[in-house]
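Heads up, the thing below is written out as structure tokens.
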Amino acid sequence: MIELSLGQAIDRAIENAMSEDESIVLIGEDVPMLRAPLYARFGVERVMGAPISESAFIGAAVGAAMEGLRPIVELYMVDFLAVAFDAVLNHMAKLEAFSGGEWHCPVLIRAPSGGGYGDGGQHAQSLWGMLSAIPGLTTIIPSTPMDAYGLTRTALRHSGPVILFEPKLLSEEWLEFLGRLGREDLEFDVPENASGMVNEDEFAPFGRAVTRREGGDVTILSLAVGVHRALAAAEALASDNIQCEVIDLRCLSPLDRESIRRSVAKTGRMVVVDEDYRNYGLSGELAATVLEAGLHPTFVRVCVEGTIPYNHRLEKDTLPSVKRIIEAVKEICQS
Amino acid sequence: MELVNIYRNMSRSREFELAVAELWEQGLITGEMHASTGEELVAAAVTACLTAEDSLSLTHRCSSFVVARGVPLVPVIKELLGREDGLCHGRGGHMHLFSRDYRIATSGIVGASLPTGAGFALAAKRLRPHALAVAQIGDGALNQGMALETLNLATVWKLPLLVVCIDNGWAITTSSESLTAGSLPERARSFGWLVGNADGADIEDVSQAAKALVKNVRAGKGPAFLYARCPRMDGHYLGDALVRLARHPVSDGRDTLTKVVGGAFSQGGSGLISRATGLTRMMGAIGKIRHTPAHGDDKDPLVITRKRLSKQGYDVAKIDLEAQEEIRCAVAVSLGEEHD
């Protein structure tokens with residue numbers, strides 16, 4: 001066991017996988033600098049800096065994966081995936097289906113996500129709802145270092161394409177690189193216990209949610225930073241005698257619908273906490289998941305509405321906060 | 001007189017960047033603040049050729065253009081501070097500055113300034129004859145598909161577009177020559193563009209090139225490409241770790257070096273030559289930063305220009321003092337402080 005930040009846990013998973021599997025190559029802008037220890041260890045043939053040409057290098061990763069490599073593509077942030085959307089939507093996601101299961105595309109895209117450090121609305125999005133809607137993609141969104149390590153390890157043995165969302169607010173390395181930049185006094189609203197212990201022998205399965213806190217009154221479904229906010233809210237609500245069950249979805253595609261239904265059947269109340277956009281996304285999908293099972297819980301969602309503002313305070317109000325979650329839970333407990 | 005006005009905007013831009021760096025250092029500006037220090041001359045010389053009818057599509061490194069264009073500085077500074085009364089009500093921030101009155105727009109997506117600029121040019125062609133659009137871009141961004149696509153599009157649609165390509169030698173934190181094939185001016189030439197090639201520290205050179213290209217574009221002869229080399233004096237963004245590592249290797253580099261050396265000597269991995277090549281390239285990047293001109297030294301484009309105009313008998317010290325005073329007041333007003 002070793003104590004790591006979420007970002008360090010992903011680094012460690014990649015390093016261990018690269019030392020075991022010669023077919024893994026790491027591609028991305030600035031990776032020789034960003035991942036200098038990997039560059040120093042695995043050399044220029046396996047850690048390849050790319051020009052600012054996302055559609056070319058993600059498209060090339062798809063081709064390389066089709067012909068036997070296992071590329072890991074690093075992006076600075078998931079927002080920039082938009083530049084290369086065709087490679088994701090029309091190629092890596094569809095190859096297996098188009099080829100009748102004969103071809104595989106084992107690409108891992110490592111995409112830092114989310115805001116909370118005042119970088120503006122092109123650098124703060126989550127987008128996992130939109131991306132999880134595409135058949136053929138696996139999407140993993142860890143909230144703890146252990147899950148980050150275990151899910152990344154699983155992804156690097158998986159036969160198909162995976163998008164790994166790395167919540168920047170949970171990675172001190174990203175906060176330093178994009179937000180703090182040497183300004184030691186600067187504080188961000190980082191959840192407590194963002195770092196954690198990692199067992200390097202443990203892999204995490206896809207499509208399995210984890211119950212982070214048990215409770216009988218309300219089910220809170222969340223992921224990434226939202227899990228930490230939900231746990232803080234649940235702690236505060238417990239003193240008002242409201243017992244929340246907090247479920248960390250971890251993986252959106254495939255989604256652990258069974259765990260969701262089981263918890264909601266028990267509590268009859270459902271709150272979704274999502275740093276992604278509210279409309280046409282994850283929160284609606286979760287509502288459909290329980291409705292399709294014949295459940296009719298009271299339902300409320302705490303999501304991002306509209307473009308994320310630059311102003312740090314407005315940004316904080318836009319992203320799901322502990323305060324908003326508490327208000328939402330109280331609202332459905334009264335109705 | 002014309003050169004003096006260009007110098008005035010250079011001086012204002014530099015003072016603006018220095019003030020912004022101070023606000024950023026205090027934590028009053030959040031996120032990634034990309035300084036345009038070293039690029040002031042190009043921005044000032046290009047904007048000097050423009051009219052109010054022309055529009056500008058800018059990048060994340062846009063401050064010098066915004067200042068030289070004459071956008072009122074208090075709303076701009078307030079926007080960087082995220083204030084409700086800022087240029088974009090505190091919603092956009094430093095990578096998303098928009099002014100309808102001054103016809104400027106910016107984007108934080110690398111390469112995106114070119115297609116937007118082509119659109120500005122298309123609108124100008126239809127709606128405001130004799131107006132043109134300027135699209136700013138960096139050397140790294142010219143490897144982006146949408147930028148290359150725009151080189152073709154603007155030609156076949158014969159758009160009144162001037163692309164200003166500022167080559168600062170870096171693509172984010174990678175030396176761009178290691179990732180860029182061929183030459184950037186040749187790329188534009190191969191699409192049939194008129195190309196000007198200028199030294200971003202030579203005021204006569206940049207000014208003449210900009211004027212000649214703008215004249216052609218305005219005459220309806222299709223797009224043109226101004227290529228200028230400039231130093232990137234303050235890294236990819238303020239607080240750039242590589243710059244800190246290069247300038248203060250002992251205090252800021254110890255952790256990094258420990259990790260890298262640890263990686264290089266880990267068991268399992270690539271052969272010695274591949275590892276050694278990696279380490280050599282990394283040292284090369286740090287060496288390149290150490291050779292970049294610092295503020296105020298002999299190779300700083302502002303210093304070069306100041307000396308040249310001073311020799312021609314212009315009172316540049318007075319211009320600098322006026323610029324300092326203007327920026328000092330704008331910052332004080334933006335912060336809501338009294339100023340004398």
Side-chain angles (χ1 to χ4, degrees), chain A residues 15-16 18-20 22 29-47 49-56 59 76 79-80 82-84 115 117-124 176-183 185-188 307-315, chain B residues 24-25 27 29-32 79 82-84 88 90-96 107-112 140-141 143-146 171-174 176 178-180 237-242 244 252 256 259-271 273-275 277-279 281-282 285:
Chain A
E15 184 168 6
N16 290 351
M18 284 183 81
S19 71
E20 293 163 10
E22 289 274 328
E29 290 151 10
D30 292 339
V31 288
M33 185 278 299
L34 279 177
R35 306 297 165 214
L38 294 180
Y39 188 57
R41 177 170 179 184
F42 297 106
V44 294
E45 311 290 335
R46 292 184 66 195
V47 179
I52 309 173
S53 312
E54 285 91 353
S55 48
Y76 266 114
D79 315 61
F80 303 165
V83 176
Y117 59 98
D119 215 8
Q122 278 173 348
H123 294 67
E176 171 54 37
F177 193 81
L178 299 169
R180 192 172 284 117
L181 291 148
R183 296 176 291 176
D185 298 339
L186 221 56
E187 299 220 346
F188 302 104
T307 295
I308 300 170
Y310 165 74
N311 173 290
H312 202 42
R313 187 181 50 74
L314 293 177
E315 182 193 26
Chain B
W24 181 89
E25 201 63 54
I29 296 173
T30 55
E32 301 160 80
E79 184 61 28
R83 299 279 175 85
E84 178 64 42
C88 303
R91 260 66 168 185
H94 35 73
M95 284 187 267
H96 314 293
S107 175
I109 301 298
V110 170
N143 289 325
Q144 190 65 281
M146 58 183 133
I172 319 177
T173 62
T174 302
S176 54
S178 67
L179 295 170
T180 306
Y237 43 20
L238 297 176
D240 188 327
L242 263 186
R244 281 186 280 143
D252 287 316
T256 313
K259 281 184 206 155
V260 172
V261 171
F265 291 100
S266 292
Q267 290 195 329
S270 297
I273 292 174
S274 185
R275 292 189 198 205
T277 309
L279 280 176
R281 284 192 195 163
M282 279 160 53

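Below, read A as the first sequence line, B as the second, and so on, with proteins coming before strands; counting in each chain starts at 1. Side-chain atoms are counted along with the backbone in the values below, which use heavy atoms only and exclude waters and symmetry mates.
Heavy atoms of A:M18 lying under 4.5 Å from chain B are absent altogether. Neither the backbone nor the side chain of A:E20 has a heavy atom closer than 4.5 Å to any heavy atom of chain B. Of the atoms belonging to A:V47, not a single heavy atom falls under 4.5 Å from chain B. Contact of A:R180 with chain B is made through the backbone alone, with heavy-atom distances under 4.5 Å. Looking at A:A50, only its backbone comes within 4.5 Å of chain B, counting heavy atoms on both sides.
Contact count versus chain A (heavy atoms, under 4.5 Å) is highest, among B:D240, B:I172, B:I29, for B:I172. Contact tally against chain A (heavy-atom pairs below 4.5 Å) for B:T174, B:T173, B:V110: the top residue is B:T173. Per-residue heavy-atom pair counts under 4.5 Å with chain B were compared for A:I308, A:T307, A:N311, A:L314, and the maximum is reached by A:N311. Chain A forms more heavy-atom pairs under 4.5 Å with one residue of B:G111, B:G140, B:C88, B:S176 than with any other, namely B:G140. Put simply, of A:P51, A:A84, A:A56, the one with the most heavy-atom pairs under 4.5 Å next to chain B is A:P51. Contact count against chain B (heavy-atom pairs under 4.5 Å) is highest for A:E54 among A:H312, A:E54, A:R46, A:E22. Of the residues considered (B:A112, B:G90, B:S178), B:G90 shows the highest number of contacts with chain A, using heavy-atom pairs under 4.5 Å. Comparing A:L178, A:I52, A:D79 by heavy-atom pairs within less than 4.5 Å of chain B, the highest count is held by A:I52.
With sequence neighbours excluded, the residues satisfying ring-ring contact (aromatic ring centres under 6.0 Å, His included) with A:H123 are A:F80. Checked against ring-ring contact (aromatic ring centres under 6.0 Å, His included), A:Y39 has no partners two or more places apart in sequence or in another chain.
Shown here for A:F177 and A:L34, the closest heavy-atom pair between the two residues is CZ-CD2, 3.7 Å. The shortest non-hydrogen separation linking B:M95 to A:D119 is CE-OD1, 3.3 Å. Among all heavy-atom pairs drawn from B:H96 and B:G108, the shortest one is CE1-N, 3.9 Å. Heavy-atom minimum distance, B:I109 versus A:Q122: N-OE1, 3.5 Å.
Counting heavy atoms from C-beta on, the side chains of A:L186 and A:Y117 never come closer than 4.5 Å. Using a 4.5 Å cut-off on side-chain heavy atoms (C-beta onward), A:S55 and B:M146 make no contact.
A salt bridge is defined here as a Lys NZ or Arg NE, NH1 or NH2 lying under 4.0 Å from an Asp or Glu carboxylate O, and B:E84 with B:R91 meets this definition.
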